[in-house]
Amino acid sequence: MANINNVTFKQIRAFVAVVRSRSFAEAAAQIHLSQPALSIAIKNLEEAVGGQLLTRTTRTFALTPEGDSF
């Protein structure tokens, strides 16, 4: 079960930046994180909410229905 209390502002900020920019690299630059740190923040957010928010391939990503709701 999800524990929203474990979600940090950094994770939400990372998620919003990725969704708005449609790019992990651009989002990382916008919020002054390395791309690996951004990916970890998204991964930790997904673990905290208990589900996948983005589907990723090596070149693209898309919001899952859960990510769209979030």
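All heavy atoms count here, side chains included; hydrogens, waters and symmetry mates do not.
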*asked:* side-chain contact (heavy atoms from CB on, under 4.5 Å), that's the test. Do Thr8 and Arg13 meet it? Break it down for me.
replied: CA-CA 9 Å; Thr8 67; Arg13 190 170 156 229; over 6 Å; no
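- Of the inter-residue distances, the one linking Leu53 atom CG with Gln11 atom CD reads 10.0 Å to the nearest 0.5 angstrom.
- Within the 4.5 Å cutoff, the side chain of Phe61 has no heavy atoms near those of the Thr55 side chain.
- Remark: Gln35 CD to Ser23 OG distance equals 7.0 Å, nearest 0.5 Å.
- Using a 4.5 Å cut-off on side-chain heavy atoms (C-beta onward), Lys10 and Leu33 make contact.
- Rounded to the nearest 0.5 angstrom, Phe70 CZ and Leu45 CG are separated by 4.5 Å.
- Atom CZ of residue Arg59 and atom OG1 of residue Thr57 lie 8.5 Å apart, to the nearest 0.5 angstrom.
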*Dump the intermediate steps for side-chain contact (heavy atoms from CB on, under 4.5 Å) on Leu54 and Glu46, then the final yes or no.*
CA-CA 9 Å; Leu54 302 168; Glu46 290 175 326; 4.2 Å; yes
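- Summarising the geometry of Ala17 relative to Ile31, their closest heavy-atom pair is CB-CG2, 3.9 Å, with the distance given to 0.1 Å.
- Separating the CG atom in Leu38 from the CD atom in Gln30 is a distance of 10.0 Å, to the nearest 0.5 Å.
- Note that Arg56 lies outside the cation-pi zone of Phe24, set by a 6.0 Å cut-off to the ring centre and a 45° limit from the axis.
- In this structure, the separation between CG on Asn44 and CD1 on Ile40 is 7.0 Å, given to the nearest 0.5 Å.
- Using a 4.5 Å heavy-atom threshold, the side chains of Val19 and Val16 count as separate.
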